[in-house]
Structures are given as structure tokens and as C-alpha cells.
Amino acid sequence: MDILNYKNHPQWISIITSAILAVITTLIIVVFLPKKTEVNYSYDLGRPWTHGKLIAEFNFEIFKSPRAIEKERDSLLKSYQPYYQMDTLVVKKALADFERDVSNDTTTVMAKYSSILERRLHFLYEKGIMEDADYDKLILDSISAIHIVKDKFESQEEMAGIIPVRVAYNRLFDDEELKDHIDQLNNSHLLFYVRANLKDDTERNSIAKDELLKSVGTSIGKITKDQLIIDQGQLVDEEKAAQIESLKEELNKKNEAKGGKTRGVGQTIFVGIFILLFTCYLHIYRRRFFVKPPNIIMLYVLIAIFPICMSEMVQHSTVSIYILPFAMVPVITQVFFDSRTAFITLATSVFISAIAANYQYDFIIIEMAGGMAAIYALSDMSKRSELMIATVVATLCSALVYYGITLFTSKSYIPQQWGMYVYILISGVLLFLAYPLMYIIEKMFNFTSNITLFELSDTNQKLLRMLSEKAPGTFVHSTTVGNLAAEVARRIKANALLVRTGALYHDIGKMDNAVFFTENQVGVNPHDKLSEKDREKESARIIVSHVTNGLKLAENENLPDVITDFIRTHHGTGMAKYFYIQYKNKHPEEEVDPKPFSYPGPNPETREQAILMMADTVEAATKSLDFYSDEIISKKVNELIDALVKSGRFEECPITFRDIAIAKQVLADKLKSIYHTRITYPKLNEEENAEKIEDR
């Protein structure tokens, strides 16, 4: 946006600056790029293959899919019969406790039937007693039998023969002699002697399961070199999916074996070439950007940020790369620079990012289409609605391009892979972040967006409101100059909003001594009241100081540099000629120093600043004309602008003679419409008027 003078800027500085930035940007991007090339094929099971022919470049085995292997393993594990160790120590300890308690108290019912109870306990322990939780889990897992290991001997037992603790206790009373005494025996705490003697043999089970799972084969066939795996449009069934995944796995193994050194060198060359081409574009077509380092830094940052984000997503996230709003790159670039630079920046960022994409063709086409649509839709950024329109257009364009790509292989016009459209929609929503980001960029890189210019051009702004109150004539003059300059800017394709906003502020310094300027005087000229001695120098000092006063006000109110530049340059290095000539006439013998009568400058450095100087000069001068006619106005405009050109005021800005010729014509036409001669209305004859009154 803020195009500065670059003719006097040393080219060697631009070359060194761009070389350093290009090298740093290249190295940073390469550091973040994936060093392992993970081959990944995008497809949906049961949908047509959307890519080209896939042919085997070498022999490889077809591996079962992880899902198939897992399913087969689960099936084997369901038929697995676990091992349980019969713990004889538990049995000995339980029976010893029983005998001890019986011998200590021989009067109880338990002691009376001790022999029967001991026989029942022996029977139950021989069958095997299992913890209730273990038994329930085996039943839930549909285990039909288990292996029981006792004293290094192994036997198989059906689950029907296994007794959980809760059942074992009830079976203690199965003897006929005990049935009539169950209630009394329940109070004898017999459950204390019923303990689980079947323990999970963890070590043996682990070994057995490993051996069982090893029997599951991972290969289901072979593919030979040059064999067609799948063709474009062919349906991806489970068999084809297994072949595709097997090829992917083999390719990844081969890539990993090759190492990352050559890959890193290749990435450096690839990225370096694109960064070099972008830098050449700047040197050939946009060398003026190098005058302000923030201009260049921001462009290289925009190019680098998305390849870095994309590389991180590819390596550390499962989220689709298509949610990244690449259209943000051209949107931000166009707002602060121009559409051509926006396109080049977009192309550079997308092509570099494509290294990390699995399907570079699809990625490049979709992102370039969305970015270009955003460029076309976003003429400027003066309203929030324009970003919304650009976002909608970019999102629709990306979605339509993807839809077109899918139609290459689809047999239906109805979209099949809706997930991709969701990612594109999310990307469009994220594009709205460009709006708050612009404010951050303005502050970080000292830019000024159109939104800020619109806010500054509001006449309710503090400085403009003060100007209208303290110097109303200057305020009217500034408004008129702004309208004139904006029309010229539109005709020569300069920034009309910028020059109009700059015009509103260019004379704010006149507020300090408003009555000393003719547009604010009402009959009384305060210059006449100054002391006779060096009156002309004092008057010139007051007039010239409105530039420095304006710069102080602008600094206090934190006006952007792009606006303060208009205050600084609208008179350039010109002179307060009226007082200079007066002083020379009074001192014909003296060699007059022009410095006290001269403005500090500098001369205009941009086309917009040159336009303001021309509009300011002709608007102020034409007010003093004694008579207005088309010829006089045209002649005056041409004389004034020719004088500016002759004095070298435009030598430091990129305005052309064609631009100046158009400016002359526009300014003359506009001033003619302002100072046009009005029609004199005829007066009604007195006699006729009297007759009409009488008729009434």
C-alpha cells in the first residue's frame, strides 16, 4: 500500500537484504519439512479409486490388514483354554485349620459331623475351587474348558466341572446326613474353610497365547513387479485395499532405509529455487518494497508460515491439511500490497507446501483455485462484508474444483466423500481470522490497511473535529483537496482512499495559528499587525511552521507514517513565495537567504503524495482568481502544475508525464464545475407584476 521512493535507494542494500532473507526463509522451511517421506494413498473402501493406475515397481508380499489380523487373533483367543495351577498348599492350610478348630471345641455340630465335612472338603478341593470373579470372567468370555496343572501333570477340565467358591460352600451340605442340620452348620462359619485352590498360571498362559498368536499368518499372497494393482475408477474392495496398504508399507520401508540426507538436500534445492524466483520477482517488479524492511520481512514470513504449519500437521497430527486457509496469504498480501504480488506469494507458498502433501496435484489445484478466487473477489478491504464475500467465493471455488476432480473417476454426480467438503468449509471459516490478523500485522510491521484509512477519514476523528472547530476554512479546503486528489488517483489507478485520507490531515498544523492563513480570515489580516521589522520573515515562519506543527500533532495522536508523509511532503521543498518576494522587494540590495522562507520538505516520494501536492496547489491558487472561466481555470491549472514539474518537485517519485497530463485534465474539469458561472434569473416586470396582483 505505502509505495515509497526507491530511485535513490542503493541497489546493493536491496540485494543483501533479499539474499539474507531468502537464505533464512529457505533454511527455516527445510528444517520443518518432513524428513521421512511417508507414502499414503487416499481412498475409501467401497468407493472408486480416484487416482491413476497403480503398478508394482517391485515384488512384494500382500499383507493382511491390521483389522483382519486382529479379527483372526480375537477368534483364536476366544477358543483359547487358559491354564490354572492347583495350589496344594491352600488345601493343606484349609484342612489343617478345620481339624484344629474341631479339636478345640468338640461340642459343636461341626465337630459332630466333622468326618463328613472333611470328606466333602477333600472332594471339592480335588475337583478344584475357583474364585468367583475368575469363574464369572471365564463364563462371560465363553470359555468351555481349562487346563489344570497339578504337580507337573496337566489335565483338561470342562467348565461345568469347575466349582466357584459360592457353589462349593453350598455343596458342602449335599450329604444326606447333613441336610437336617444346614441351619446349624451355617452358623459355624464353614465358608472360612472353603478357599480357591485354582490360581491363574500367568506365565504359562502368556507363553501359550504368544505361541497361539504366532500361528496367525500376516501374508496372503504376492504381487510381482509390473503387475497392475488397481486402475483409475476401479472399486476399492478389501482385497485391493490389502494390496495398496502392502505396497505403501514396502515403499515406506525402502524410503526409511535410504536415509534422510539426500532428501534434505533435495528439499533445500526445491525450496531455494522457489524462494529465489520470488526474490527475483521482487527485484524486477517491486524493488520499491526494499526501502522499508518490514515490507519484505512480512512477505517472506507469509510464504514460510503455511509450509511450516502443514509440515507439523503431516508429522504430528491426523487432521487434514485442507483445513489450512491458504487463501489467507493472498488476502493479506493484497490488502497491504497489490494483487500481482498476492498471486506470486500464494503460488510460492502453495508449491513449497506441496512437498508435504501426499497428492501434490490435487493439493496445488485446489489451493491455487481458492487463493486466486479470493484475489479476484477482494478488490480492497474497506468493509467487513468484502472479506465475507471473498471467503465465500474462495470456499465455493475450492469445493467446486475438488468436485470436478472427483468426477474424473466417479460414476455419479452426487458427491461421495463429504469429509473433504467439511475440511474445505472449516478452512473458509478460518479465513475470517485474516481480519483480526491484519490489525496485528499493522502494528508489527507498521502497515496501514484500508480499514484504518476509512476510520481515519471519519470527520468525527479527534484531529479532524478540532480542525473543523479551530480552522473551519482549512477544514473545507482539506475536504475539497481530498475530493480532487481522490478523483485524480482513481483516473491514474493510484490509491484514492489513501490520498483522500492524507489530504484531510495535510494541513492540521494550521490549527495553531489559524487566522494567519487566508482561508480562515474574515476581513482582518493578522500579518499586518506584526512588527514592521522583518515582518515578511516572521510571516513566512508562521506559514512554514504549519508543517512541523502538523507533524507534532500527528506524532501525539499516533497517526500512521503513511499519513504523516503527506503532511511532510505536501509543500515539498517549496517556498512561501508571497513573503519571499515581498522581502526581496523591500531589500533590493540584499542577497536574500531563501532558507527562512522555505519548507523543510522532502519532496513527494509517491504518486499519491504528488497528486496531493498538485491538488493542494491548484485548489488554493484558483480561489484567488478575480474571474472564472473555463479557459482561465485550465490555463491556471497547467501553469501551476508545470511550475511544480519544472522546479523538480516530482523527481523523487514514480509519477509519469502521462499521469500528470491526466491530473491536469481532471483538476481543471473539477474546478470548472466548482467555480462555474451561474445563470442570472430574469426579474419580473413591475407593470406585469402589478397586473397579476390586481387580478388576484
With a 6.0 Å cut-off on ring centres, are Tyr300 and Phe278 close enough?
yes
Could you tell me which non-hydrogen atom of [X] sits nearest to which non-hydrogen atom of [Y], and how far apart they are?
X      : Y      : answer
Ile223 : Gln227 : CD1-NE2, 3.3 Å
Ala168 : Leu124 : O-CD1, 3.2 Å
Pro325 : Leu430 : CG-CB, 3.8 Å
Phe351 : Phe270 : O-CE2, 3.4 Å
Gly428 : Thr391 : O-CG2, 3.0 Å
Val314 : Ala356 : CG2-O, 3.5 Å

Taking C-beta and beyond as the side chain, do [X] and [Y] meet within less than 4.5 Å on heavy atoms?
X      : Y      : result
Ile146 : Met159 : yes
Leu117 : Tyr193 : no
Leu433 : Met328 : yes
Glu118 : Glu99  : yes
Leu33  : Val271 : yes

Using a strict threshold of under 4.0 Å (side-chain N to carboxylate O), is an ion pair present between [Y] and [X]?
X      : Y      : result
Lys240 : Asp237 : no
Lys78  : Asp74  : no
Lys150 : Glu126 : yes

Using modelled atom types and a 3.5 Å cut-off, is there a donor and acceptor pairing between side-chain atoms of [X] and backbone atoms of [Y]?
X      : Y      : result
Asp200 : Tyr84  : no
Gln334 : Leu378 : yes
Thr268 : Gly264 : yes
Asn197 : Tyr125 : yes
Asn205 : Asp201 : yes

Expected list for residues 364-376: side-chain donor-acceptor pairs under 3.5 angstrom, two or more places apart:
none

Give me the ring orientation class for Phe326 and Phe306: parallel if the planes are under 30° apart, tilted from 30 to 60°, perpendicular past 60°.
tilted
Mutual orientation of the aromatic rings belonging to Phe173 and Tyr169 [parallel < 30°, tilted 30-60°, perpendicular > 60°]:
perpendicular
Can Glu154 and His147 be counted as having a side-chain donor-acceptor contact under 3.5 angstrom?
yes
Verdict with reasoning, Ser398 to Tyr322, per side-chain contact (heavy atoms from CB on, under 4.5 Å)
CA-CA 10 Å; Ser398 297; Tyr322 287 97; over 6 Å; no
